[in-house]
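Values below: all heavy atoms of this structure, side chains included; hydrogens, waters and symmetry mates excluded.
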Amino acid sequence: MITLEDYFGRVSHIEEPNDQVVANATDLLGRVNDLFDECAFIEAAMKPELNSGWRPAAYNASVPGAAVKSKHISGQAVDAADPDGELDEYLFAHQDLLAKHGLWMEHPAATKGWCHLQSVPPRSGNRVFYP
């Protein structure tokens, strides 16, 4: 389970999130944690860990390869650690679960080592998209 403390913890010393970012993150993590609970291959004790949570704009600008308008800035995206690509592979094959939980993911080919999930659709509208 990814908690709000996890999500904001790494950068809370840089900037405090505003109320809208907290509301967005609360919604996002509810969806993501429900999705993880439903993923058949994940054992209860082995839920994916946070790789990247909230990133204030100034911090986001320092992250190599981060999108200027990253959904991490608004609290609407999370990257879960996925070193073997199992989570990406499973979700790619079970996009119905993404739809059920109102989530979109970056294509596994673009996220080696992590799984990017977001609570808002990308410009393409595709459930799985390239950044």
Side-chain angles (χ1 to χ4, degrees):
M1 171 184 225
I2 299 173
T3 67
L4 282 173
E5 183 178 320
D6 296 333
Y7 190 75
F8 292 113
R10 296 181 182 180
V11 293
S12 60
H13 64 283
I14 297 171
E15 182 179 323
E16 285 292 318
N18 64 37
D19 291 344
Q20 185 60 60
V21 170
V22 172
N24 290 345
T26 300
D27 174 62
L28 168 70
L29 295 181
R31 296 181 197 197
V32 167
N33 287 322
D34 287 347
L35 171 72
F36 290 167
D37 286 344
E38 200 166 333
C39 288
F41 79 96
I42 301 175
E43 296 178 30
M46 299 186 67
K47 296 294 183 202
E49 295 181 12
L50 179 72
N51 194 37
S52 182
W54 179 58
R55 300 193 303 236
Y59 180 80
N60 187 70
S62 71
V63 175
V68 174
K69 294 183 180 182
S70 170
K71 298 303 179 197
H72 287 273
I73 297 168
S74 58
Q76 296 172 302
V78 64
D79 295 339
D82 189 23
D84 299 325
E86 281 186 86
L87 181 58
D88 269 343
E89 183 179 315
Y90 185 84
L91 294 176
F92 189 75
H94 296 90
Q95 293 180 35
D96 56 315
L97 287 177
L98 292 171
K100 177 181 177 181
H101 294 282
L103 293 167
W104 289 261
M105 70 180 274
E106 288 184 354
H107 195 282
T111 58
K112 301 291 183 193
W114 74 92
C115 175
H116 173 92
L117 298 167
Q118 61 185 55
S119 58
V120 293
R123 283 188 306 250
S124 69
N126 296 333
R127 193 62 59 184
V128 177
F129 64 97
Y130 283 95

Neighbour count >12 (heavy atoms, 6.0 Å) for atom OH, Tyr90: yes
Atom of Asn60, atom of Ala67 and distance for their closest heavy-atom approach: ND2-O, 2.9 Å
Heavy-atom check, side chain of Ile2 versus side chain of Pro48, under 4.5 Å: no
Salt bridge (charged side-chain N to carboxylate O under 4.0 Å, His left out) contacts touching residues 90-110 (sequence neighbours left out): Glu38-Lys100
Donor-acceptor under 3.5 Å (Asp88 side chain, His107 main chain): no
Heavy-atom closest contact (Leu117 atom, Leu28 atom, distance): O-CD1, 4.3 Å
Donor-acceptor under 3.5 Å (Asn18 side chain, Gln20 main chain): yes
Shortest non-hydrogen contact between Leu87 and Cys39, atoms and distance: CD1-SG, 4.4 Å
Straight-line distance of Thr26 OG1 to Arg31 CZ, nearest 0.5 Å: 12.0 Å
Residue pair Pro17 / Val22: nearest heavy atoms and the distance that separates them: CG-CG2, 3.9 Å
Residues that, via side-chain heavy atoms closer than 4.5 angstrom, fall in one hydrophobic cluster with Phe129: Trp104
Interatomic spacing from CG in Leu35 to CG in Leu91 - rounded to 0.5 Å: 5.5 Å
Separation between CE of Met1 and CG of Asp37, rounded to the nearest 0.5 Å: 7.5 Å
From Arg127 atom CZ to Leu103 atom CG, the distance as rounded to the nearest 0.5 Å: 8.0 Å
Minimum-distance pair of heavy atoms, taken over all atoms of Val21 and Ile73: CG2-O, 3.9 Å
Nearest heavy-atom neighbours spanning Arg55 and Ser70: NH2-OG, 3.5 Å
Check: Thr111/Asp82 side-chain N/O donor and acceptor closer than 3.5 Å: no
Output field: ring centroids Trp54/Tyr7 closer than 6.0 Å: no
Separation of His116 NE2 from Asn51 CG (nearest 0.5 Å): 12.0 Å
Rounded distance (nearest 0.5 Å) linking atom CD of Gln118 with atom CG of Leu98: 11.0 Å
Hydrophobic cluster identity match, Trp114 and Leu50, side-chain contacts under 4.5 Å: no
Within-4.5 Å side-chain heavy-atom neighbours: Lys71 and Asn24: no
